[in-house]
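Working notes, beginning with the structure itself.
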Amino acid sequence: MAEQLSKEEREERRAKRKHEKGKQNERAKSWLREWMDALLFAAIAALIIRTFFFEAYRIPTPSMEKTLLTGDFLIVSKLNYGPRTPMVLGVPFTNIYLPGVVLPWTRLPGFSEVERNDIVVFNYPIDLSPIAAKTNYIKRAVGLPHDTLSVDATQLYVNGAKSQSFPGIQHLYVVSVRDRVRLSPAKVEAAGGSLRGTQGDSSYRVNTTKQVADKISQWPEVQNVQLFVLPEDYNEYSHADFSFSQGFKNHHFMPQIVVPFEGQTVTLTPENYHIYQNIITRYEGNNVDRNGDQFVINGEETNQYTIKQNYYFMMGDNRDNSEDSRFWGFVPETHIIGEAGIIYFSWDSERWLPRFGRLLNVIDE
């Protein structure tokens, strides 16, 4: 009888241990499930915020210096111009997408239209990927639909008037020094410029703002400071791959052009086709064949074409170190992502230190 009771006790204890282990497993599963639910909720919330409200962006190049520095991390508002609904099917938070699948999409209402001189993030139009999978670029919207633009000796004109100037805009300047005097790169850098090489025996090219150029002109070793301007007939676009700039000479000179707008009807000629080629074929999806002076669009012989959407002309503030609309042409409205709002962090890769003075700075245009 004692042996039978001992077996019962052992069975009872075994059952009790099994029950306790089951409860522990349930608690572990419950804890894991709570964490998984929390992570899933956070991922969905982040995806919604990134898609429809705000997105982080890092400045990778110096094309917007001194306004924005390489290593600045920005918050870009998609609410200003209206967020786009998803355009491709892909893996969230990556650049991986399903080739050949483009989703029907639309742009939701925003708070405002793109205004002249806004600092805008957009998809690089020349990329061959679907729109949302293209590289993100950031430039200043210097030309809006309907605007007439021209560039004369580096000076941008908008509707016949000099464009608005900003403290951060940089150009190349030729700094001439006295005989047997060397211009110190460290001194130039401390003043806010950067030495970009020599020009002759006693002249240097310095990339900087007008304010710093005026300061340098007062140095005792400096004889003269003048804006560097390419000769008007110097062809820097001869080997470029961009159709837009093939009809121009260089980025310091551009004859008057009208920024295309929805509903605009243009007359195509062999002389102006380079301006509209990407618009008609790449961005608005038409087939074009040329037959001498005649154009065949989607099988119809015609020299008339009506623009289907608005376009923008973008330029970097670092005017002689920015590959922008002067090279590859207009940015379609479909490619606009949002407006740069706040610098939430900035990293100086040369000094391996944060730029604390730029943290949480609101981006002023």
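With a 6.0 Å cutoff to the six-membered ring centre and a 45° limit on the axis angle, Arg140 counts as a cation-pi contact of Phe166.
Between the side chain of Glu65 and the backbone N or O of Thr70, at least one donor-acceptor pair lies under 3.5 Å. The backbone N or O of Gly316 lies less than 3.5 Å from a partner atom in the side chain of Asp324, making a donor-acceptor pair. Asp317 places no side-chain N or O within 3.5 Å of a backbone atom of Gly168 that could act as its donor or acceptor partner. A donor-acceptor distance shorter than 3.5 angstrom exists from the side chain of Ser163 to the backbone of Leu156, with no hydrogens or angles considered. The backbone N or O of Pro125 sits less than 3.5 Å from a side-chain atom of Lys134, completing a donor-acceptor pair. A donor-acceptor pair under 3.5 Å links the side-chain atoms of Ser245 to the main chain of Phe327, judged by distance alone. Under a 3.5 Å cut-off, the side chain of Asn286 and the backbone N or O of Thr281 do not form any donor-acceptor pair. Checking side-chain atoms of Arg116 against main-chain N and O of Val158 turns up no donor-acceptor pair under 3.5 Å. With Arg326 contributing its side chain and Glu323 its backbone, the two residues share no donor-acceptor pair below 3.5 Å. With Tyr237 contributing its side chain and His251 its backbone, the two residues share a donor-acceptor pair below 3.5 Å.
Of the N and O atoms on the side chains of Asp72 and Ser346, at least one donor lies less than 3.5 Å from an acceptor on the other residue. No side-chain N or O of Glu189 forms a donor-acceptor pair with one of Ser194 less than 3.5 Å apart. Using modelled atom types, one finds no donor on one side chain facing an acceptor on the other under 3.5 Å when comparing Asn250 with Asn235.
Think of Leu183 as one node in a network of Ile, Leu, Val, Met, Phe, Trp and Tyr side chains linked at under 4.5 Å; its network also takes in Tyr173, Val175, Val177, Val188, Leu195, Tyr204, Val206, Val212, Ile216, Trp219, Val222, Val225, Leu227, Val229, Phe253.
Remark: of the listed residues Phe242, Phe248, Trp328, Phe248 is the sole one forming a ring-ring contact (aromatic ring centres under 6.0 Å, His included) with His274. With respect to Asp320, the side-chain hydrogen bond (donor to acceptor under 3.5 Å, both in side chains) criterion is satisfied by exactly one of Gln170, Arg196, His252: His252.
Across all non-hydrogen atoms, the minimal contact from Pro86 to Leu103 is O-CB, 3.7 Å. Across all their heavy atoms, Leu68 and Ile138 have their closest contact at CD1-CD1, 3.7 Å. Asn318 and Pro62 get closest at one heavy-atom pair: ND2-O, 2.9 Å.
Aromatic ring centres of Phe295 and Tyr273 lie closer together than 6.0 Å. Checked against the 6.0 Å centroid criterion, the rings of His335 and Tyr312 do not qualify as a close aromatic pair.
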(request) Verify side chain to side chain donor-acceptor pair (under 3.5 Å) between Gln304 and Thr267, making sure each step is shown before the conclusion. (result) CA-CA 5 Å; Gln304 302 289 310; Thr267 300; 2.9 Å; yes
(request) Just do the side-chain contact (heavy atoms from CB on, under 4.5 Å) check on Asn123 and Asn136 with the steps written out, would you? (result) CA-CA 5 Å; Asn123 298 114; Asn136 290 350; 3.3 Å; yes
(request) Verify side-chain contact (heavy atoms from CB on, under 4.5 Å) between Val288 and Tyr305, making sure each step is shown before the conclusion. (result) CA-CA 11 Å; Val288 178; Tyr305 182 77; over 6 Å; no
(message) Please determine whether side chain to side chain donor-acceptor pair (under 3.5 Å) holds for the pair Lys139 and Ser322, giving the CA-CA distance in whole Å, both sets of side-chain angles, and the decisive distance to 0.1 Å.
(response) CA-CA 9 Å; Lys139 307 287 181 188; Ser322 173; 3.1 Å; yes
(request) List the steps, then state whether side-chain contact (heavy atoms from CB on, under 4.5 Å) holds for Trp352 with Trp347. (result) CA-CA 7 Å; Trp352 282 84; Trp347 178 256; 3.5 Å; yes
(request) Show your working on side-chain contact (heavy atoms from CB on, under 4.5 Å) between Ile307 and Glu284 and close with a plain yes or no. (result) CA-CA 8 Å; Ile307 307 292; Glu284 300 192 0; 3.7 Å; yes
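The salt bridge (charged side-chain N to carboxylate O under 4.0 Å, His left out) contacts involving residues 95-106 comprise nothing, where partners must be two or more places apart or lie in separate chains.
Residues Asn303 and Thr269 fail the side-chain proximity criterion, which asks for heavy atoms closer than 4.5 Å. The shortest side-chain heavy-atom distance between Val266 and Ile275 does not fall under the 4.5 Å cut-off. For the pair Glu221 and Ser184, the minimum side-chain heavy-atom distance is 4.5 Å or more.
Under the side chain to side chain donor-acceptor pair (under 3.5 Å) criterion, Ser238 pairs with no residue at all, not counting sequence neighbours.
Note that CD1 of Ile59 and CG of Leu74 are 4.5 Å apart. Values are rounded to the nearest 0.5 Å. Ile119 CD1 to Met64 CE: the interatomic distance, rounded to the nearest 0.5 Å, is 4.0 Å. To the nearest 0.5 Å, atoms OH (Tyr57) and OH (Tyr137) are separated by 8.5 Å.
Under the 4.5 Å side-chain contact rule for hydrophobic residues, Leu128 and Met87 do not share a cluster. Hydrophobic clustering (ILVMFWY, side-chain heavy atoms < 4.5 Å, transitive): Val174 and Val181 are in distinct clusters.
By the 30° and 60° cut-offs, the orientation of the rings of His146 relative to Phe261 is parallel.
For Glu113, the CD atom counts as loosely surrounded, since its 6.0 Å shell holds 12 or fewer non-hydrogen atoms of other residues, nucleotides or ligands. For OH of Tyr124, the number of neighbouring non-hydrogen atoms (other residues, nucleotides, ligands) closer than 6.0 Å is greater than 12.
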